[in-house]
S.K.: 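Okay, here's the structure, questions in a sec.
Starting from 1, each residue takes its place in the sequence as its number.
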Amino acid sequence: MSFDQSMETYALDPTPEHLKVLQRDIMALPDYDPLVQIAAVTTPLQQAGDHQGVVDALTSRMPGLFLAPGAHARLFRAYTELGDQAAADRERKFALLSMDAIRNSGTGEEEHPFRVLRVEDQYEVLAALGQHPSSQRTLSDERGDFDVHTVGEDREVWFELLWRERDRED
């Protein structure tokens with residue numbers, strides 16, 4: 001299945017099975033980068049009021065950034081500032097779909113970690129949950145590779161690093 005097909009299938013029927021296919025297809029894209037730093041690229045442009053620059057920087061990295069909540073949220077703000085309400089509405093929907101995809105993939109507990117495509121997605125989820133990590137560690141076991149963030153005094157939020165699974169298969 002192509003990225004376009006899996007994206008449409010998931011958008012019309014956001015089941016866990018369709019999400020797994022879409023995530024696999026995103027990770028197979030040549031412009032996919034799990035270590036991309038969306039905020040580092042866009043924050044200076046946003047601060048300078050260069051909304052078109054934000055759009056250009058992020059759309060040039062699509063579809064590899066698809067399902068990145070931070071990318072879609074920044075595109076929403078940029079399109080809103082540019083007065084392109086149709087594009088802003090589309091990106092708002094993609095931002096919500098992206099966040100829902102992660103938050104519905106697990107509970108953040110060790111037994112049911114959130115499944116993420118990018119490092120930065122973890123911090124978007126933590127921010128949406130109103131959590132501020134005090135530490136982070138990476139663990140591997142027979143189930144896969146995980147980043148574990150300590151929030152509060154002793155609560156942990158677990159994230160499964162999907163690209164590591166792909167890297168092990170290669």
Side-chain angles (χ1 to χ4, degrees), residues 2-16 18-108 113-134 136 147 149 151-152 157-163:
S2 73
F3 165 76
D4 289 339
Q5 292 169 319
S6 59
M7 177 185 69
E8 182 177 347
T9 300
Y10 180 70
L12 295 173
D13 187 17
T15 65
H18 293 155
L19 177 60
K20 285 181 183 180
V21 171
L22 178 56
Q23 289 168 328
R24 183 199 67 223
D25 289 350
I26 290 170
M27 288 187 292
L29 294 166
D31 57 356
Y32 167 75
D33 177 4
L35 305 178
V36 66
Q37 296 183 350
I38 298 164
V41 170
T42 60
T43 299
L45 297 167
Q46 289 171 318
Q47 290 173 341
D50 185 0
H51 308 296
Q52 187 61 53
V54 171
V55 169
D56 294 344
L58 295 176
T59 57
S60 71
R61 291 172 170 86
M62 290 290 180
L65 282 178
F66 193 73
L67 285 186
H72 294 295
R74 285 168 175 78
L75 282 167
F76 163 72
R77 286 191 294 275
Y79 280 124
T80 299
E81 291 296 326
L82 292 169
D84 187 341
Q85 197 56 50
D89 290 344
R90 179 189 68 235
E91 292 302 330
R92 181 181 174 280
K93 289 175 186 172
F94 284 150
L96 293 171
L97 181 74
S98 301
M99 186 60 72
D100 286 348
I102 297 169
R103 292 193 55 190
N104 292 334
S105 71
T107 61
F114 294 122
R115 297 170 49 88
V116 293
L117 289 167
R118 295 164 203 87
V119 170
E120 199 164 295
D121 295 349
Q122 298 173 60
Y123 295 93
E124 294 289 339
V125 170
L126 290 169
L129 295 172
Q131 301 293 324
H132 304 283
S134 58
Q136 177 269 324
D147 275 350
H149 296 264
V151 296
V157 181
W158 285 65
F159 294 91
E160 183 177 1
L161 311 176
L162 297 178
W163 66 93

S.K.: Under the criterion side chain to side chain contact (heavy atoms under 4.5 Å, CB included), I'd like the reasoning laid out for Gln23 against His18: C-alpha separation, chi angles, the key distance, then a yes or no.
M.R.: CA-CA 9 Å; Gln23 289 168 328; His18 293 155; over 6 Å; no

S.K.: Please report the closest heavy-atom contact between Val41 and Leu45, naming both atoms and the distance.
M.R.: O-CD1, 3.6 Å

S.K.: At what distance, to the nearest 0.5 angstrom, does OG1 of Thr15 lie from CG of Leu19?
M.R.: 8.0 Å

S.K.: Can you name the nearest heavy-atom pair linking Pro133 to Val151, along with the distance?
M.R.: CA-CG1, 3.8 Å

S.K.: Quick check for you: to the nearest 0.5 Å, what is the distance between Tyr10 atom OH and Phe66 atom CZ?
M.R.: 9.0 Å

S.K.: Quick check: closest heavy atoms across Asp25 and Ser6, and the distance to 0.1 Å?
M.R.: OD2-OG, 2.8 Å

S.K.: Run the numbers on Thr42 and Arg77 for side chain to side chain contact (heavy atoms under 4.5 Å, CB included), then give the verdict.
M.R.: CA-CA 11 Å; Thr42 60; Arg77 286 191 294 275; over 6 Å; no

S.K.: When rounded to the nearest 0.5 angstrom, what is the spacing between OG in Ser98 and NZ in Lys93?
M.R.: 14.0 Å

S.K.: Compare every heavy atom of Pro44 with every heavy atom of Ala39, then report the nearest pair and how far apart it is.
M.R.: O-CD, 4.2 Å

S.K.: Give the minimum heavy-atom separation between Ser134 and Gly152, together with the two atoms involved.
M.R.: OG-O, 4.1 Å

S.K.: What's the verdict on side chain to side chain contact (heavy atoms under 4.5 Å, CB included) for Asp50 and Val54, showing C-alpha distance, side-chain angles and the deciding distance?
M.R.: CA-CA 7 Å; Asp50 185 0; Val54 171; 5.9 Å; no

S.K.: Rounded to the nearest 0.5 Å, what's the gap from CD on Glu91 to OG1 on Thr80? Could you check?
M.R.: 10.0 Å

S.K.: Between CG of Leu162 and CZ of Phe159, what distance do you get to the nearest 0.5 Å?
M.R.: 12.0 Å

S.K.: Quick one: are Leu22 and Thr9 in side-chain contact, heavy atoms under 4.5 Å?
M.R.: no

S.K.: Given Leu126 and Phe114, is the side chain to side chain contact (heavy atoms under 4.5 Å, CB included) satisfied, shown in steps?
M.R.: CA-CA 11 Å; Leu126 290 169; Phe114 294 122; over 6 Å; no

S.K.: Any donor-acceptor pair under 3.5 Å linking the side chain of Glu120 with the backbone of Ile38?
M.R.: yes

S.K.: Could you check whether any side-chain N or O of Ser105 sits under 3.5 Å from a backbone N or O of Ile102, counting only pairs where one atom can act as donor and the other as acceptor?
M.R.: yes

S.K.: Looking at Arg74 and Glu124, does any basic side-chain N land under 4.0 Å from a carboxylate oxygen?
M.R.: yes

S.K.: Are any non-hydrogen side-chain atoms of Glu8 and Leu12 less than 4.5 angstrom apart?
M.R.: yes

S.K.: Taking Thr43 for its side chain and Ala40 for its backbone only, find out whether a donor-acceptor pair lies under 3.5 Å.
M.R.: no

S.K.: Got a salt bridge between Asp121 and Arg118, using NZ or NE/NH1/NH2 to carboxylate O under 4.0 Å?
M.R.: yes

S.K.: Is there a donor-acceptor pair closer than 3.5 Å between any side-chain N or O of His51 and the backbone N or O of Leu82?
M.R.: no

S.K.: So Leu161 and Val116, do their side chains get closer than 4.5 Å, heavy atoms only?
M.R.: yes

S.K.: Can you find a pair of side-chain heavy atoms, one from Tyr79 and one from Gln85, that are under 4.5 Å apart?
M.R.: no

S.K.: Pairing donors with acceptors under 3.5 angstrom, does anything connect the side chains of Gln136 and His149?
M.R.: no

S.K.: Count the heavy atoms belonging to other residues, nucleotides or ligands that lie under 6.0 Å from CD of Gln52, then report whether that count exceeds 12.
M.R.: yes

S.K.: Atom CD of Glu160 and atom CG of Leu117: how far apart are they, to the nearest 0.5 Å?
M.R.: 10.5 Å

S.K.: To check you understand the geometry: which heavy-atom pair defines the closest contact between Leu29 and Gly64, and what is its length?
M.R.: CD1-N, 3.9 Å

S.K.: Just wondering, do Pro63 and Asp31 contact through their side chains at under 4.5 Å, heavy atoms?
M.R.: yes

S.K.: Taking CZ in Arg92 as the centre, count heavy atoms belonging to other residues, nucleotides or ligands within less than 6.0 Å. Is the count above 12?
M.R.: no

